[in-house]
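Down below is the structure, laid out as structure tokens.
Atoms within each ligand, like the ligands themselves, are counted from 1 in listed order.
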Amino acid sequence: MADAGGILVVCATPIGNLGDVTLRVLDALRAADVIAAEDTRVTRKLLSRYEIHTPLEAYHEHNRAAKTPELVSRIERGERIALVSDAGTPGISDPGEHLVDACLDAGLRVDVLPGPSAIVTALVASGLPTGAFYFGGFLPRKTGERERAIALLSALDATLVFYESPGRTAATLTSLAGAFAGRRAAVARELTKLHEEVARGEIGQLADDFAARELKGEVVVLIGPPVASAQLTLDEDVVRERVRDAMTAGVSRRDAVRDVAAELGLPRNEVYRLALE
Ligand code: SAM
């Protein structure tokens, strides 16, 4: 039978700025018998900033199979274990979800202390619609698998949010531009840190911009919902006029279509169709 004092306390920690931690989380980290941390070096910086001396143990993707049952039985015996990830809320795209699931299955008490997560920070910082959003975690690395995963999302009437590594951001933007031409998009990078950047624009334009960049830091990629077809009908005359003006000024049809699609937030293939009429 579980000792009534045992508990797993899931603690959200900063996604960059060490000031973004709640008072409850600091109290929980101090009161814990041990802190299970995804990366003990990262967590040590937070603990030293707030003068917390609780012992740390690693809990990550590579040791979770063995470590999960061990932590569960220690909580059953009455230990108070705080769980933190590298950044943000444990359980969101990191191994925390397995420990929470195992503790709940064992009938143990789990408290979740809310705080930062890159999903919500990026969503709000992007300025894209927040009424409905879909979080897709990390897209597959292989191009074919990634494009199949993206194609399944094309009809969703929601802002799409993906985590990404800096090295794969350009390839992911290219795949997204292929499926979602004309949609508004954003790349939110290094949120809450010194080099924070939120780049916004039509997805094809953003893919072109980021193709030439060597990115560093942490990245969230966001795509706005599909453009309403009613809006397309309303803007048809404007679209034709803008393309005609650009071509009269010497811009090629291809570039005129790309620029007008980006400016009006419309799919390139729709603008192209109108340009041909
Ligand atoms: N548990 C974390 C959370 O709640 O946000 C996410 C962990 S996941 C392994 C790490 C990913 O989160 C990064 O690859 C990046 O996509 C995103 N991320 C974390 N911190 C970020 C930041 N400061 N700016 C932008 N993206 C960030």
Is [X] in polar range of ligand 1, meaning some N or O pair under 3.5 Å apart?
X      : value
Ile92  : yes
Pro116 : no
Tyr163 : yes
Ala188 : no
Ser117 : yes
Ala87  : yes

Exercise. Does the Thr54 side chain pair with the main chain of Leu29, one donor and one acceptor, at a distance under 3.5 Å?
Worked result: yes

Exercise. Just by distance, do the side chain of Ser154 and the backbone of Ala151 share a donor-acceptor pair under 3.5 Å?
Worked result: yes

Judged by modelled atom types alone, do [X] and [Y] share a side-chain donor-acceptor pair under 3.5 Å?
X      : Y      : result
Glu164 : Thr169 : no
Ser85  : Asp94  : yes
Thr68  : Tyr59  : yes

Say whether [X] and ligand 1 are in contact under the criterion: heavy-atom distance to a ligand atom below 4.0 Å.
X      : value
Gly16  : no
Phe138 : yes
Val219 : yes

For [atom], which protein heavy atom lies nearest, and how many Å away is it?
atom                    : result
atom 18 (N) of ligand 1 : Ala118 CB, 3.5 Å
atom 9 (C) of ligand 1  : Ser93 O, 3.1 Å
atom 24 (N) of ligand 1 : Leu191 N, 2.9 Å
atom 23 (N) of ligand 1 : Ile15 O, 2.8 Å
atom 26 (N) of ligand 1 : Val220 CG2, 3.4 Å
atom 20 (N) of ligand 1 : Glu218 OE2, 3.4 Å

Short list, please: which atoms of ligand 1 are under 4.0 Å from a heavy atom of [X]?
X      : result
Glu164 : 14 (O), 16 (O)
Thr89  : 1 (N), 3 (C), 4 (O)
Gly88  : 3 (C), 4 (O)

What part of [X], side chain, backbone, both or neither, has a heavy atom within less than 4.0 angstrom of ligand 1?
X      : result
Asp86  : neither
Lys193 : side chain
Asp94  : side chain

Pairing of [X] and [Y] as salt bridge, 4.0 angstrom limit:
X      : Y      : answer
Glu196 : Lys193 : no
Glu197 : Arg213 : yes
Lys67  : Glu70  : yes
Asp245 : Arg242 : no
Arg258 : Asp255 : yes

Problem set entry | Between Tyr163 and Phe135, ring centroids under 6.0 Å | yes

Problem set entry | More than 12 heavy atoms of other groups within 6.0 Å of Arg273 CZ | yes

Exercise. Would the number of heavy atoms belonging to other residues, nucleotides or ligands and lying under 6.0 Å from CD of Glu61 be above 12?
Worked result: yes

